[in-house]
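Heads up, the thing below is written out as structure tokens.
Numbers here are sequence positions counted from 1.
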Amino acid sequence: MNAETEVQAQAWSIPTEAYLSPDYARAERDAIWRKVWQVACREEEIEKPGDFVTYDILDDSIIVTRQDDGSIKAYHNVCPHRGRKLTEGCGHAKGFKCGFHGWTWALDGRNLGVTRKSGYGDSLSADDIRLKDVRAETWGGWVFITMDPDAVPLREYLGEVAPLLDPFEMQNMRYRWRQWLHFPCNWKVAVEAFNEGYHVIGTHPQLAVYSDKPTWSRSLGIHGNFGALQREGVGGGTAGAAGAPDMRIGLATSLNQVWKEVWATTTQTMVDVANKLVDELPEGTSAMDVQMHFMRRVIEEDAKNGITWPALDPKHAAEAGTDVHIFPNTVLIYGPTFALCYRARPNGYDPDSCIFEVYTLEKFSKGQEPKPENLYKPEQTLDHWPVVLLQDFSNMGAVQQGMKSMAFGSARPHPTEEEAVVGFHRALAGYMGTGGPVEVG
């Protein structure tokens, strides 16, 4: 998208009810979390038959497991006898057993054993005592679940997001690292911190060394999307190097900084290739030629390791932008061989607390895929988190606290650069029936 085509947009305000109200937080369970499609895990977490992941969301717990035939099923994680949870965390099992009274189930949800079942006579049917199914479908390597039996199919739910991101082949990416912590803020505050680019100049000034790039932002149905605006005479650049006087140096400087300060949104191969640009290209090489050479060399080096780049049409890549927010709580920042991903969930019914997960995906050589654990990293220090994320994290509690001030009436998102935030609240109001954006002016 081009900055010259930008037009004045409608301004909106967002009331604080969705962030602060305990009643709103409690109502979300039935209105949102028991209705939407949401990411439960990645397919690689349940690679073999019997592998399972427990996904918890408020009062509900879901078992996601790989079947003997390779398919994926999900169940409510509750024993139909007395209600005990059957699993915690992740692992491998030939079936499931209740730790209270010893009832057992097969991977396909069939009950295999009831302790002294004869005492029940004919009162238990097979349907009574099988595990209760939860709908599960996959896209992009993620396993999504919905507790709503009447929900539309996942791909229909994803709408414009699926065709926009399909060419990036995220199903061929694997975890590189995974971490999580708690934030003293509402889960929506955490999500919104990562589905707009308007904050970069204020929160990450070191990433705007060469230019303060404005962004475009839009709604994709209930989802959201943003990217960097392209200005006439200024190339799109890579990793913030668009305005560098010497693209060879600017690209190398930018990618090394991102690798050090984000631990994501680039790869070691890209950094290594960028560091050789000064040796491989003469001074005065145009920015466009530097970028073309860079991309060609990265693709060549990746190919040597069996890593294939997707056939991304440049126009489609520009249309896809930088970031997609999948309603309600997943944000993806992506490139041809990598993705930086976020998931935020309510931490019980406290509107001032949430669970926040960060993970990176990357394409790896066959057999070289790491299998990182999802590490709890509550310490917000450089030993545990990259600089750029710590800068983002510093906003969370401060925003939540500030919204409670008697001087704060409502949020005022930027009309063009934060349209995805406004769209998020339109979607929330569609499910909740309250708290939607209000026109200003």
Side-chain angles (χ1 to χ4, degrees), residues 39 41-51 53 66 70 72 90-92 138-143 162 165-180 238-239 251-252 254-277 279-280 290-314 316-317 320 322-324 330 332-343 357-375 377 385-386 388-389:
V39 170
C41 64
R42 290 281 294 176
E43 289 189 70
E44 67 193 90
E45 295 177 68
I46 48 172
E47 182 179 14
K48 300 174 183 177
D51 289 350
V53 167
R66 181 78 65 174
I72 295 171
C90 58
H92 179 86
T138 62
W139 170 82
W142 285 276
V143 180
L165 297 188
D166 281 342
F168 288 86
E169 300 177 350
M170 293 183 186
Q171 69 274 11
N172 296 329
M173 299 180 188
R174 299 292 182 268
Y175 285 125
R176 186 160 69 82
W177 58 265
R178 309 169 61 193
Q179 297 185 177
W180 67 281
T238 304
L251 198 50
S254 180
L255 285 171
N256 277 278
Q257 180 182 25
V258 167
W259 192 240
K260 178 182 178 181
E261 296 188 358
V262 186
W263 305 353
T265 65
T266 186
T267 66
Q268 185 65 62
T269 300
M270 291 176 132
V271 172
D272 292 342
V273 169
N275 288 337
K276 297 175 182 176
L277 290 173
D279 296 328
E280 294 179 353
V290 171
Q291 291 182 71
M292 294 298 291
H293 175 85
F294 168 75
M295 299 302 285
R296 183 167 57 250
R297 290 283 295 112
V298 175
I299 292 171
E300 291 172 353
E301 291 301 311
D302 272 340
K304 292 177 183 178
N305 296 314
I307 298 171
T308 303
W309 276 47
L312 278 171
D313 178 83
H316 184 92
T322 302
D323 173 301
V324 158
T330 290
L332 310 175
I333 301 172
Y334 35 82
T337 59
F338 58 79
L340 173 60
C341 314
Y342 308 99
R343 180 174 68 172
E357 299 166 84
V358 183
Y359 56 94
T360 59
L361 304 175
E362 192 172 316
K363 281 190 173 181
F364 293 95
S365 304
K366 188 173 179 59
Q368 300 302 309
E369 304 91 341
K371 297 183 183 298
E373 295 182 17
N374 193 13
L375 301 176
K377 295 284 188 176
W385 293 94
V388 168
L389 290 187

Tell me, with the steps shown, if Glu362 and Tyr175 meet side chain to side chain donor-acceptor pair (under 3.5 Å). CA-CA 6 Å; Glu362 192 172 316; Tyr175 285 125; over 6 Å; no
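- Using a 4.5 Å heavy-atom threshold, the side chains of Tyr334 and Met170 count as touching.
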Verdict with supporting geometry, Glu301 and Val273, side-chain contact (heavy atoms from CB on, under 4.5 Å): CA-CA 8 Å; Glu301 291 301 311; Val273 169; 4.0 Å; yes
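- Residues Ile46 and Arg66 share a closest heavy-atom pair of O-NE, 2.6 Å.
- Nearest heavy-atom pair, Pro336 versus Pro310, reported as atom, atom and distance to 0.1 Å: O-CD, 3.2 Å.
- In plain terms, the two heavy atoms of Leu332 and Cys341 that are nearest each other are CD2-SG, 3.8 Å.
- When side chains are defined from C-beta on, Pro167 counts as touching His316, because their heavy atoms get closer than 4.5 Å.
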Would Tyr342 and Asp323 count as a side-chain contact (heavy atoms from CB on, under 4.5 Å) here? Give the steps. CA-CA 11 Å; Tyr342 308 99; Asp323 173 301; 5.7 Å; no
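- Once rounded to the nearest 0.5 Å, the distance linking CG of Leu251 with NE2 of His293 reads 10.5 Å.
- Residue Asn374 holds its CG atom at 4.0 Å from CZ of Arg178, rounded to the nearest 0.5 Å.
- Look at Lys371 and Glu47 and you find a salt bridge, because one of the NZ, NE, NH1 or NH2 atoms lies within 4.0 Å of a carboxylate O, short of that distance.
- Of the inter-residue distances, the one linking Glu300 atom CD with Thr269 atom OG1 reads 12.5 Å to the nearest 0.5 angstrom.
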Walk me through it: do Val143 and Arg42 pass the test side-chain contact (heavy atoms from CB on, under 4.5 Å)? CA-CA 6 Å; Val143 180; Arg42 290 281 294 176; over 6 Å; no
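- Note that the CD1 atom of Ile72 and the CD atom of Glu43 stand 4.5 Å from one another [nearest 0.5 Å].
- Closest approach of Trp309 to Thr337, counting heavy atoms only: NE1-CG2, 3.5 Å.
- For the atom pair CD1 of Ile307 and CZ of Phe364, the computed distance is 8.0 Å after rounding to the nearest 0.5 Å.
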Residues Trp142, Gln171; criterion side-chain contact (heavy atoms from CB on, under 4.5 Å); working and verdict: CA-CA 8 Å; Trp142 285 276; Gln171 69 274 11; over 6 Å; no
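- Between Glu280 and Arg297 a salt bridge is recorded (basic side-chain N to carboxylate O distance below 4.0 Å).
- Using a 4.5 Å heavy-atom threshold, the side chains of Arg174 and Leu361 count as separate.
- Here the side chains of Phe168 and Leu312 are in contact, with some heavy-atom distance below 4.5 Å.
- Under the 3.5 Å distance criterion, the side-chain polar atoms of Asn305 are left unmatched by any main-chain donor or acceptor of Asp302.
- Taking every heavy atom of both residues into account, Thr308 and Lys363 meet most closely at O-NZ, 2.6 Å.
- Contact between Arg176 and Pro370 at its shortest, heavy atoms only, is CA-CG, 4.1 Å.
- Annotation: side chain of Ile333 is not in contact with side chain of Val324 (no heavy-atom distance under 4.5 Å).
- Panel note: side chain Thr267, backbone Met270; a donor-acceptor pair is recorded below 3.5 Å.
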List the steps, then state whether side chain to side chain donor-acceptor pair (under 3.5 Å) holds for Trp259 with Gln268. CA-CA 8 Å; Trp259 192 240; Gln268 185 65 62; 3.0 Å; yes
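- In this pair, Trp385 and Trp177 present their aromatic rings perpendicular. The plane angle is above 60°, beyond the 30 to 60° band.
- Note that OG1 of Thr265 and CG of Leu255 are 8.5 Å apart. Values are rounded to the nearest 0.5 Å.
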